[in-house]
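The structure appears right after this line, and notes come after that.
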Amino acid sequence: MTDALSLGPFGLPDLAALGLTLALWLGLGWLIENPPAWRVSVSKLMERYRHDWMAEFVTRQPRIFDATMIDSLRQGTAFFASASMIAIGGGIALIGNPAMLGALTRDLTLASDTAGLQLRVALVVAFLANALLKFIWAHRLFGYCSILMAAVPNDPSHPEAAHRATQAADINITGAKSFNRGLRSIYFALGSLGWLLGPWGLVAGAMVISGILVRRDFGSTSREVMLRRM
């Protein structure tokens, strides 16, 4: 019966903790992007402001501020992509060095064999790899947005001006979604480090991270400020 409820070095508590972590990661992502009408998330509120930004962009002269803003968004995604690559490299190096993992087990008195620790670290690396892919795509989308912005005619009365600005806003929003998904993966990568202490450590890490994300998207001061629209 025990064998049936285990997978390699992991028993039922580990598998249940892993399932809960993945469910929270996916479920929170869906909730933040599809919030109830009575409790709109920060991410959803920002979509409105991104449309407002592009509406103002049509009439703003000169457009240096807007170019600076989109460049800042690209730099932010590039920074997080680079940081994720470095972290992934460190995680892979740790997984590929059993001696180092063995020393870590002894130093932290972790109740797990080397293979179990390798798989635990692999979960962190998997979250980081997902974050890297999201950041790379977000960087590319913000690049597309900058090109669409450049295609907006300088004349606000041009028949294509408003349409192209709306296209730029929609691409900007899509890029922001990918960027936010990458950030959530980094949050859960940090929470997954709790698995080194056992299944309850993973549960605790996932719950803490989930609480942080829920508060920041649904109960933060910044959300209250964004709701103050005339």
Side-chain angles (χ1 to χ4, degrees), residues 20-58 65-84 87 124 126-149 164-192 205-230:
L20 175 65
T21 299
L22 296 177
L24 287 172
W25 173 53
L26 295 172
L28 274 176
W30 186 89
L31 178 63
I32 289 171
E33 294 180 5
N34 303 274
W38 56 270
R39 196 71 183 180
V40 182
S41 65
V42 168
S43 299
K44 209 67 178 177
L45 287 171
M46 285 303 299
E47 291 184 11
R48 303 176 187 174
Y49 283 102
R50 290 176 192 274
H51 275 292
D52 290 347
W53 171 18
M54 290 304 151
E56 291 294 329
F57 168 74
V58 173
F65 171 79
D66 306 282
T68 303
M69 284 295 298
I70 200 69
D71 183 62
S72 176
L73 292 176
R74 297 197 75 194
Q75 288 182 14
T77 56
F79 168 79
F80 279 104
S82 299
S84 298
V124 178
F127 275 124
L128 291 171
N130 181 74
L132 174 61
L133 293 175
K134 298 302 181 185
F135 291 138
I136 290 174
W137 183 233
H139 188 269
R140 190 170 184 178
L141 286 171
F142 287 136
Y144 292 160
C145 179
S146 65
I147 294 172
L148 285 170
M149 290 169 66
R164 290 179 183 173
T166 301
Q167 287 179 304
D170 290 339
I171 294 295
N172 196 308
I173 289 169
T174 306
K177 282 183 179 179
S178 186
F179 180 75
N180 290 333
R181 289 169 183 171
L183 288 179
R184 283 195 295 272
S185 290
I186 287 184
Y187 273 106
F188 274 93
L190 292 173
S192 296
M207 295 299 291
V208 168
I209 292 301
S210 298
I212 291 173
L213 290 174
V214 168
R215 182 193 173 279
R216 292 185 176 178
D217 251 280
F218 295 99
S220 62
T221 302
S222 58
R223 179 183 178 278
E224 296 302 319
V225 173
M226 292 176 192
L227 284 171
R228 299 174 195 165
R229 295 174 67 95
M230 296 296 292

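Counting from 1, the numbers follow the sequence of the chain as shown.
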Which heavy-atom pair separates [X] from [Y] by the least distance, and what is that distance?
X	Y	answer
Ala131	Ser84	CB-OG, 4.2 Å
Pro35	Ile32	CD-O, 3.5 Å
Arg39	Gly219	NH2-CA, 4.1 Å

| Does a salt bridge link Glu47 with Arg50, judged by any charged N lying under 4.0 Å from a carboxylate O? | no
Find the distance between [atom1] ([X]) and [atom2] ([Y]) and round it off to the nearest 0.5 Å.
X	Y	atom1	atom2	result
Arg184	Glu33	CZ	CD	5.0 Å
Leu132	Leu128	CG	CG	9.0 Å
Ile171	Met54	CD1	CE	11.0 Å
Asp217	Ser222	CG	OG	8.5 Å
Tyr144	Trp137	OH	CH2	4.5 Å
Asn180	Ile173	CG	CD1	11.5 Å

| message | Pairing donors with acceptors under 3.5 angstrom, does anything connect the side chains of Ser43 and Ser41? | response |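 Judged by distance alone, the side chains do not pair up.
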| If you measure only the distance, is there a donor-acceptor pair under 3.5 Å linking the side chains of His51 and Asn172? | no
| field | Pair Met226-Arg48, side-chain contact (heavy atoms from CB on, under 4.5 Å): steps then yes or no | value | CA-CA 10 Å; Met226 292 176 192; Arg48 303 176 187 174; over 6 Å; no
Are [X] and [Y] side-chain neighbours, meaning at least one heavy-atom pair lies under 4.5 Å?
X	Y	answer
Leu213	Phe218	no
Ile70	Phe57	no
Leu22	Phe188	no
Pro36	Leu31	yes

| query | Do side-chain atoms of Ser178 reach the backbone of Thr174 as a donor and acceptor pair under 3.5 angstrom? | reply | no
| request: Walk me through it: do Arg216 and Val42 pass the test side-chain contact (heavy atoms from CB on, under 4.5 Å)? | output: CA-CA 8 Å; Arg216 292 185 176 178; Val42 168; over 6 Å; no
| said: So for atom OH, which belongs to Tyr49, do other residues, nucleotides or ligands contribute more than 12 heavy atoms lying within a distance under 6.0 Å? | reply: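 Yes, because the 6.0 Å sphere around OH of Tyr49 holds more than 12 heavy atoms from other groups.
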| Between Asp71 and Phe142, is a side-chain contact (heavy atoms from CB on, under 4.5 Å) present by the stated rule, with each step listed? | CA-CA 8 Å; Asp71 183 62; Phe142 287 136; over 6 Å; no
| field | With Leu20 via side chain to side chain contact (heavy atoms under 4.5 Å, CB included) - residues at least two apart | value | Leu24, Val203
| message | I'd like to know whether Leu28 forms a side-chain contact (heavy atoms from CB on, under 4.5 Å) with Tyr187, so could you lay out the CA-CA distance, the side-chain angles of the two residues, the decisive distance to 0.1 Å, and finally the verdict. | response | CA-CA 12 Å; Leu28 274 176; Tyr187 273 106; over 6 Å; no
| Angle class for the Phe179/Phe135 ring planes (parallel below 30°, perpendicular above 60°, tilted otherwise)? |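 Plane angle between 30° and 60°, so tilted.
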